[in-house]
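Every heavy atom of this structure was used, including side-chain atoms; hydrogens, water molecules and symmetry mates were not. These figures come from a predicted structure and were not determined experimentally.
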Amino acid sequence: MDKTFHIDKNYIQTPLTYGDFSLYQIGRLYCSENAEIGDHPHFNWFELTVICDGEGFVYANQKGVAVRKGDIFLSFPCDIHRIVSSAHAPLHYDFCSFNTESEELKAELEKITTRFSSAQDRVFRNETIRYLVSDAIVEMNEEQKYRDQIMANMLHSILIYLIRAFLSGKERKSPRNVSQNDMLCYRIMNYIDTHIYTMENLEDLGDLMNYNYSYLSGLFRRTTSESLRDYYRKRKLCIAQSLLAENKLTVTEIATLLNYSSVYAFSRSFKKYFGSSPKFACRTGS
């Protein structure tokens, strides 16, 4: 990753708490020409990438979308994120990673993750959010009185404007010629994709979707030609591969994070799917 200027306030290991909000990361990055911020997995947070200048591409789970000055990209929990800067107009962007414990706001965010899963749907524009994120970066770089209260208010305002941008008159419409079964399977896949760290077993999907789990499992296989368990396993292992490539967590920590019964169970599953052990992936960075 090439960069010419970088502010990164990283609280991923111990998030900062401001009222009902947790702050995981906030900062500013000025890319050099053709810079690439490689695949990196997100945990249980939402992230705003605010394009201040330049052009490039932002990716979520290998699906990319072009961005330019004034655009904001919303990343979801569990995304595998990547950013590529252009050669002629290098990207300058701010970023802010957060989540909330407010049940009301969590419900609104859940609607957004369900309705706007594709990368193209997650680009929007909002001048107020741009200024708020910029002001929050400045606030985090200064030890000022009442900073906690100001940050709580800023994060709350950012989230309210975000919800308005996505849910006020911008409801997602189902594509034509898509059956109810297709849409239900889409909802299942989207839920798994955005809750990969918090799901403990697939059977919980029955209660969440208001269907018998056996019915959902059979429907998913008939509709997608893949078992529900295989889809869940594949998503967990792809996240694991990205985490191993980052080389920030141990194999045991990754196994725990992804709710494997033991590190041995994780290693067996990883080797069966990728043909090599997690420890080998750590050493090679792939």
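Remark: Asp39 pairs with Arg82 by the salt bridge (charged side-chain N to carboxylate O under 4.0 Å, His left out) rule, at least two apart or across chains. Ser227 is linked by a side chain to side chain contact (heavy atoms under 4.5 Å, CB included) to Arg221, Arg229, Asp230, counting only residues two or more places apart in sequence or in another chain. Judged as a side chain to side chain contact (heavy atoms under 4.5 Å, CB included), and not counting sequence neighbours, the contacts of Lys63 are Ala119.
Hydrophobic cluster membership differs between Tyr146 and Met154, with clusters built from Ile, Leu, Val, Met, Phe, Trp and Tyr side chains linked at under 4.5 angstrom. Residues Leu228 and Leu208 are members of one and the same hydrophobic cluster, defined by side-chain heavy-atom contacts under 4.5 angstrom among Ile, Leu, Val, Met, Phe, Trp and Tyr. Residues Ile160 and Ile26 fall within the same hydrophobic cluster, defined by Ile, Leu, Val, Met, Phe, Trp and Tyr side chains chained together at heavy-atom separations under 4.5 Å. Residues Leu74 and Val84 are members of separate hydrophobic clusters, defined by side-chain heavy-atom contacts under 4.5 angstrom among Ile, Leu, Val, Met, Phe, Trp and Tyr. A chain of hydrophobic side-chain contacts below 4.5 Å, direct or via other Ile, Leu, Val, Met, Phe, Trp or Tyr residues, connects Phe98 to Tyr11.
The CG atom of Leu29 lies 8.0 Å from the CD1 atom of Ile83; values are rounded to the nearest 0.5 Å. Taking CG from Leu155 and OG from Ser22, the interatomic distance works out to 9.5 Å, rounded to the nearest 0.5 Å. We find the CG-OG1 distance between Leu105 and Thr100 to be 5.0 Å, quoted to the nearest 0.5 Å. Considering CD of Glu110 and CD of Glu103, their distance stands at 11.0 Å, rounded to 0.5 Å. Between the CD atom of Glu203 and the CG atom of Asn212 there is a distance of 10.5 Å, given to the nearest 0.5 Å. The distance from atom CD1 of Ile254 to atom NZ of Lys236, rounded to the nearest 0.5 Å, is 13.0 Å.
Without hydrogens or angle criteria, Ser32 side chain to Ala35 main chain gives no donor-acceptor distance under 3.5 Å. Using a distance-only test at 3.5 Å, with no hydrogens or angles considered, no donor-acceptor pair links the side chain of Asp94 to the main chain of Thr49. The closest donor-acceptor contact from the side chain of Tyr215 to the backbone of Gly206 lies at 3.5 Å or more, if one exists at all. The closest donor-acceptor contact from the side chain of Asp79 to the backbone of Phe76 lies under 3.5 Å. Between the side chain of Asp204 and the backbone N or O of Asp207, no donor-acceptor pair lies under 3.5 Å. Here the side chain of Ser85 pairs a donor or acceptor atom with the backbone of Leu91 at under 3.5 angstrom. Formation of a donor-acceptor pair under 3.5 Å by the Asn141 side chain with backbone atoms of Ile137 is found in this model. Distance alone, capped at 3.5 Å, places no donor-acceptor pair between the Ser217 side chain and the Tyr213 backbone. Using modelled atom types, one side-chain atom of His195 and one backbone atom of Tyr191 make a donor-acceptor pair closer than 3.5 Å. For Asp71 (side chain) and Val67 (main-chain N/O), no donor-acceptor pair under 3.5 Å exists by modelled atom type.
Leu202 is listed as a side-chain neighbour of Ile192, based on a closest heavy-atom distance under 4.5 Å. Side-chain atoms of Tyr24 and Cys96, non-hydrogen and from C-beta on, never get closer than 4.5 Å to each other. In this structure the side chain of Ser267 reaches within 4.5 angstrom of the side chain of Pro278, judged on heavy atoms. Side-chain contact between Ile72 and Arg125 is absent, with no heavy atoms from C-beta onward closer than 4.5 Å. Under the 4.5 Å side-chain criterion, counting only non-hydrogen atoms from C-beta, Leu216 is in contact with Leu184. Inter-residue side-chain proximity for Leu258 and Tyr197 is flagged as met; some heavy-atom pair is nearer than 4.5 Å. A 4.5 Å side-chain heavy-atom check between Leu167 and Ile112 finds at least one atom pair inside the cut-off. By the 4.5 Å heavy-atom criterion applied to side chains, Gln25 and Asp8 are counted as neighbours.
The distance between the ring centers of Phe124 and Phe166 falls below 6.0 angstrom.
Residues Cys78 and Arg235 approach most closely at O-NH2, 4.2 Å, considering heavy atoms. Across every non-hydrogen atom of Asn44 and Asn99, the tightest pair is O-ND2, 3.0 Å. Smallest separation of non-hydrogen atoms from Lys9 and Met140: CE-O, 3.8 Å. Nearest heavy-atom pair across Phe21 and His156 is CZ-CA, 3.4 Å. Nearest heavy-atom pair across Ala87 and Asn34 is CB-OD1, 3.2 Å. Among all heavy-atom pairs drawn from His40 and Gly38, the shortest one is ND1-O, 2.8 Å.
For the pair Lys69 and Tyr93, the cation-pi criterion (under 6.0 Å, within 45° of the ring axis) is not fulfilled.
Within 6.0 Å of CD in Gln13 there are 12 or fewer heavy atoms belonging to other residues, nucleotides or ligands. Within 6.0 Å of atom OH in Tyr161, 12 or fewer heavy atoms from other residues, nucleotides or ligands are found, so the atom counts as exposed in its surroundings. Applying the 6.0 Å contact sphere to CD of Glu127 captures more than 12 heavy atoms from other residues, nucleotides or ligands.
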**Leu257/Phe43 under side-chain contact (heavy atoms from CB on, under 4.5 Å): CA gap, chis, key distance, verdict** = CA-CA 9 Å; Leu257 181 66; Phe43 297 141; 3.5 Å; yes

**Request:** Walk me through it: do Ile129 and Val133 pass the test side-chain contact (heavy atoms from CB on, under 4.5 Å)?
**Result:** CA-CA 6 Å; Ile129 290 178; Val133 171; 4.1 Å; yes

**Message:** Run Asp193 and Tyr231 through side chain to side chain donor-acceptor pair (under 3.5 Å) and show every step you take.
**Reply:** CA-CA 10 Å; Asp193 290 350; Tyr231 181 82; 2.8 Å; yes

**Item:** Residues Thr194, Thr114; criterion side-chain contact (heavy atoms from CB on, under 4.5 Å); working and verdict
**Value:** CA-CA 9 Å; Thr194 55; Thr114 300; over 6 Å; no

**Request:** For side-chain contact (heavy atoms from CB on, under 4.5 Å), just list the numbers for Met199 and Leu205, CA-CA rounded to whole Å, side-chain angles, deciding distance to a tenth of an Å, and then say yes or no.
**Result:** CA-CA 9 Å; Met199 285 187 65; Leu205 287 170; 4.2 Å; yes

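Relative orientation of the Phe270 and Phe274 rings is tilted, given thresholds of 30° and 60° on the angle between their planes. Classified by interplanar angle (parallel below 30°, tilted 30° to 60°, perpendicular above 60°), the ring pair Tyr59/Phe57 is tilted. Taking the six-membered ring where the residue is Trp, Tyr260 and Phe266 present tilted rings, their angle falling between 30° and 60°.
Between the side chains of Ser86 and Glu55, no donor N or O sits under 3.5 Å from an acceptor N or O. Side-chain N/O atoms of Arg28 and Ser134 include a donor and acceptor closer than 3.5 Å.
Paired with Pro41 under the rule side chain to side chain contact (heavy atoms under 4.5 Å, CB included), one option of Leu243, Asn61, Leu244 passes, and it is Leu243.
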